[in-house]
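This report refers to the structure that appears directly beneath it.
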Amino acid sequence: MLTKAPRGTRDILPAETGMWQFFEEKVREVSRLFGYSEIRTPIFEHTELFLRGVGEVTDIVSKEMYTFTDRGQRSLTLRPEGTASVARAYLEHKMQGEAQPVKLYYVGPMFRYDRPQAGRYRQFHQYGVEVFGASDPTVDAEVIALPLSFFRSLGLKDFTLHINSVGCPKCRGEYRQQLQASLKEIVGELCKDCAERYDKNPMRILDCKNEQCQELTKDVPAQLELLCEECADHFAAVREALDALGESYIVNPRLVRGLDYYTKTAFEIMSSELGAQSTICGGGRYDHLLSTIGGPDVPGIGFAMGIERVLLAMEAAGVQPRADRGTDVFVATAGVAAAEALKVTLALRQAQVAADKDYLGRSLKAQLKYANRLGVRYLVILGAEEMQNGQATLRDMQTGEQETVTLAALTERVVALVREAK
RNA sequence: GUGGGUGUAGCUCAGCUGGUUAGAGCACCAGAUUGUGGCUCUGGGGGCCGUGGGUUCGAGUCCCAUCAUCCACCCCA
């Protein structure tokens with residue numbers, strides 16, 4: 001156990017960090033283009049924030065939170081998602097006083113006590129954005145268009161956008177009652193999970209994967225068909241905006257978002273490259289989240305993207321980040337000149353050349369072999385002969401050609417070669 | 001929380017119905033070449049066979065438990 005990362009966590013090793021860096025570069029690029037600024041909130045918050053913000057009856061809160069008590073007897077929770085924290089920061093720093101809308105993005109780890117699965121971890125990472133202070137449907141369209149554009153910039157193609165409207169507190173309450181009424185007679189025939197959902201979250205029954213449940217509920221009206229006028233108009237306007245952008249989508253009346261705070265627009269982007277956990281991005285509008293956690297009634301909308309899942313999809317799609325160039329030069333010694341080797345290595349580094357040397361007192365042959373494994377293009381050899389003449393041997397590992405250079409001219413010569421090789 | 005699969009060398013895996021000192025390929029180290037890598041050849045280091053218990057004269061192999069891991073459900077990114 002000592003030498004094993006905790007369940008559901010993992011190390012991102014050097015072989016993978018190139019992909020992560022590529023992803024993060026694209027995040028910054030696309031976010032900037034769309035007008036978002038980065039915010040970095042704490043990894044843990046008062047437990048109360050998630051209870052109120054995410055909703056006490058959600059699975060996330062009721063069974064997936066990493067909650068602990070600190071030495072001051074405060075109940076704290078490792079953040080299971082990003083929206084509540086960003087909303088809290090918006091209120092704490094009185095951003096309603098800044099120019100509206102406020103457009104923020106974040107990247108970082110989230111924590112949920114779940115059974116690990118393909119594309120699901122207990123510590124996972126999300127890229128998300130939030131827009132506060134704008135209820136216009138074109139904002140919804142922009143928040144949907146951003147991840148689509150982002151995925152394309154990563155080189156992904158096989159993904160599908162699903163959209164729906166989950167209504168507002170007004171029409172959702174009415175719908176829920178109607179739904180329960182129309183399900184009342186068949187609830188006994190539904191699967192075990194759906195029987196539980198009947199009281200807890202009846203909207204989810206329509207989303208059940210069980211074939212019998214699908215069959216039994218196929219004529220039950222969805223929320224989408226019973227929206228109030230305001231919500232219906234809003235949804236129509238979002239569709240219009242997406243159409244104008246030329247984005248195709250599937251209207252999925254059975255798409256339900258798990259978190260309490262969602263209103264009106266809900267959407268998911270699914271990758272066809274993945275297994276069961278195929279949702280790579282999910283989001284929607286949350287017009288009453290701010291007031292729920294004690295702020296003014298400022299509308300909001302955002303999305304969250306699962307980075308591990310997107311990386312998995314990229315891998316499946318064969319996307320390759322540009323390879324890291326690594327070390328340019330290796331400084332080898334032949335028995336003597338250990339001090340000179342360090343001096344030469346540091347001089348090269350100072351000249352912006354990635355240089356490394358042997359630290360194990362290995363034979364020249366072993367150093368060559370090591371340099372070869374590093375994929376180094378040039379090798380500097382410092383031996384007794386060279387030292388006597390104040391020179392160094394410079395070897396091109398690719399062609400095998402060698403030249404003799406004076407120590408005084410060595411750095412300049414290497415810089416020229418490396419620049420040429422780029 | 002529920003169900004199923006899998007745990008043998010650093011990695012990928014063999015190990016037939018339980019039977020001698022547990023193997024291969026790749027990787028690693030060394031030598032062939034006492035100052036020159038990649039290819040080749042030769043040699044070498046490495047394994048509480050996940051862990052604990054049981055059955056048996058004998059367990060990597062069979063049984064139970066446990067842990068880990070993978071996949072799926074629930075739910076979600």
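Here is how names work: the chains are called A, B, and so on, in the same order as the sequence lines, proteins then strands, and each is numbered from 1.
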Checklist entry - Roughly how far apart, to the nearest Å, are B:rA22 and B:rG60 at atom C1'? => result 8 Å

Next on the checklist: Roughly how many Å apart are B:rA9 and B:rG15, using the C1' atom of each and rounding to a whole number?
Outcome noted: 14 Å

Checklist entry - At under 4.0 Å between heavy atoms, what does A:L364 touch on the DNA or RNA strands: base, sugar-phosphate, or nothing? => result base

Next on the checklist: The side chain of A:A276 is closest to which nucleotide in this list: B:rC75, B:rA72, B:rG35?
Outcome noted: B:rA72

Checklist entry - How is A:Q402 classified with respect to the nucleic acid when contacts are heavy atoms under 4.0 Å: base, sugar-phosphate, or nothing? => result base

Checklist entry - What does A:E268 touch in the nucleic acid at a heavy-atom separation under 4.0 angstrom: a base, only the sugar-phosphate, or nothing? => result nothing

Item to check | Nearest-nucleotide 5' precedence on RNA chain B, A:P116 against A:R309 | outcome: A:P116

Checklist entry - A:G128 near the nucleic acid: base, sugar-phosphate alone, or nothing, with a heavy-atom cut-off under 4.0 Å? => result nothing

Next on the checklist: With a 4.0 Å limit, can you tell me whether A:Q126 has a side-chain N or O closer than that to the phosphate oxygens OP1/OP2 of B:rA77?
Outcome noted: no

Checklist entry - Heavy atoms under 4.0 Å, any strand shown: does A:K369 hit a base, just sugar-phosphate, or nothing? => result sugar-phosphate

Checklist entry - Is A:R115 side chain donor-acceptor paired with the B:rC73 base, going by distance under 3.5 Å alone? => result no

Next on the checklist: So if I take every side-chain heavy atom of A:T393 and compare against B:rG37, B:rG35, B:rC75, which nucleotide ends up nearest?
Outcome noted: B:rG35

Next on the checklist: Looking at A:R349 and A:A355, would you say the former's side chain and the latter's main chain have a donor-acceptor pair under 3.5 Å?
Outcome noted: yes

Next on the checklist: Tell me whether the side-chain N or O atoms of A:Q367 pair up with the base of B:rU36 as donor and acceptor below 3.5 Å, since no angle test is needed here.
Outcome noted: no

Checklist entry - Looking across every strand, which nucleic acid part, if any, lies under 4.0 Å from A:A371 by heavy atom: base, sugar-phosphate, or nothing? => result nothing

Next on the checklist: To the nearest 0.5 Å, what is the distance between CG on A:L374 and CG on A:D356?
Outcome noted: 7.0 Å

Next on the checklist: Roughly how many Å apart are B:rA27 and B:rC11, using the C1' atom of each and rounding to a whole number?
Outcome noted: 7 Å

Checklist entry - For atom P, what is the distance between B:rC70 and B:rA24, given to the nearest Å? => result 30 Å

Checklist entry - Which part of the nucleic acid does A:Y121 contact within heavy-atom distance under 4.0 Å: base, sugar-phosphate only, or nothing? => result base

Checklist outcome for this item: Among the nucleotides B:rA77, B:rC75, B:rA30, whichever has the atom closest to the side chain of A:A304 is B:rA77

Just list the side-chain donor-acceptor pairs under 3.5 Å for residues 360-369 of chain A, sequence neighbours left out, or say none.
{"unit_1": "A:R362", "atom_1": "NE", "unit_2": "A:D358", "atom_2": "OD1", "d": "3.0"}
{"unit_1": "A:R362", "atom_1": "NH2", "unit_2": "A:D358", "atom_2": "OD1", "d": "3.3"}
{"unit_1": "A:S363", "atom_1": "OG", "unit_2": "A:A366", "atom_2": "N", "d": "3.1"}
{"unit_1": "A:Q367", "atom_1": "OE1", "unit_2": "A:T333", "atom_2": "N", "d": "3.0"}
{"unit_1": "A:Q367", "atom_1": "NE2", "unit_2": "A:T333", "atom_2": "O", "d": "2.8"}
{"unit_1": "A:Q367", "atom_1": "NE2", "unit_2": "A:R362", "atom_2": "O", "d": "2.9"}

Checklist entry - Mind checking the C1' distance from B:rC64 to B:rG25? Whole angstroms is fine. => result 36 Å

Checklist entry - Ignoring hydrogens and angles, are the base of B:rG35 and the side chain of A:E386 linked by a donor-acceptor pair under 3.5 Å? => result yes

Next on the checklist: Please classify the nucleic acid contact of A:R197 as base, sugar-phosphate, or nothing, using heavy-atom distances under 4.0 Å.
Outcome noted: sugar-phosphate

Item to check | Aromatic stack A:Y370/B:rG37: centroid gap under 5.5 Å, interplanar angle under 30° | outcome: no

Output side-chain donor-acceptor pairs under 3.5 Å for residues 406-413 of chain A, partner residues at least two apart or in another chain, one line each.
{"unit_1": "A:T406", "atom_1": "OG1", "unit_2": "A:A409", "atom_2": "N", "d": "3.3"}
{"unit_1": "A:R413", "atom_1": "NE", "unit_2": "A:E403", "atom_2": "OE1", "d": "3.0"}
{"unit_1": "A:R413", "atom_1": "NH2", "unit_2": "A:E403", "atom_2": "OE2", "d": "3.1"}

Checklist entry - Taking the six-membered ring of A:Y359, is NZ or CZ of A:K357 closer than 6.0 Å to its centre and within 45° of its axis? => result yes

Checklist entry - Which part of the nucleic acid, if any, lies within reach of A:E385 when heavy atoms closer than 4.0 Å are counted: base, sugar-phosphate only, or nothing? => result base

Checklist entry - Using atom C1' of each nucleotide, how far apart are B:rG23 and B:rC63 to the nearest Å? => result 27 Å

Item to check | Presence of donor-acceptor pair under 3.5 Å, side chain of A:R395 and base of B:rG37 | outcome: yes

Next on the checklist: Let's test your reading of the model: under 3.5 Å, does the base of B:rG37 pair with the side chain of A:N372 as donor and acceptor?
Outcome noted: yes

Next on the checklist: I want to verify a distance call: between B:rC75, B:rU69, B:rG37, whose nearest atom is closest to the A:D114 side chain?
Outcome noted: B:rC75

Next on the checklist: Is A:K365 close enough to B:rU36 that one of its side-chain N or O atoms is under 4.0 Å from OP1 or OP2 there?
Outcome noted: no

Next on the checklist: I'd like the P distance from B:rC57 over to B:rC48, given in whole Å.
Outcome noted: 29 Å

Item to check | Inter-nucleotide C1' distance (B:rG19, B:rU56), Å rounded | outcome: 12 Å

Item to check | Comparing A:Q398 and A:A384 on RNA chain B - which has the more 5′ nearest nucleotide | outcome: A:A384

Next on the checklist: Taking any heavy-atom pair under 4.0 Å as a contact, classify A:I381: base, sugar-phosphate, or nothing.
Outcome noted: base

Checklist outcome for this item: Closest of B:rC75, B:rG37, B:rA30 to the A:A366 side chain is B:rA30

Checklist entry - Regarding A:T77 and A:T67, is there a side-chain donor-to-acceptor distance under 3.5 Å anywhere? => result yes

Item to check | Inter-residue atom distance A:D140.CG - A:T265.OG1, 0.5 Å rounding | outcome: 3.5 Å

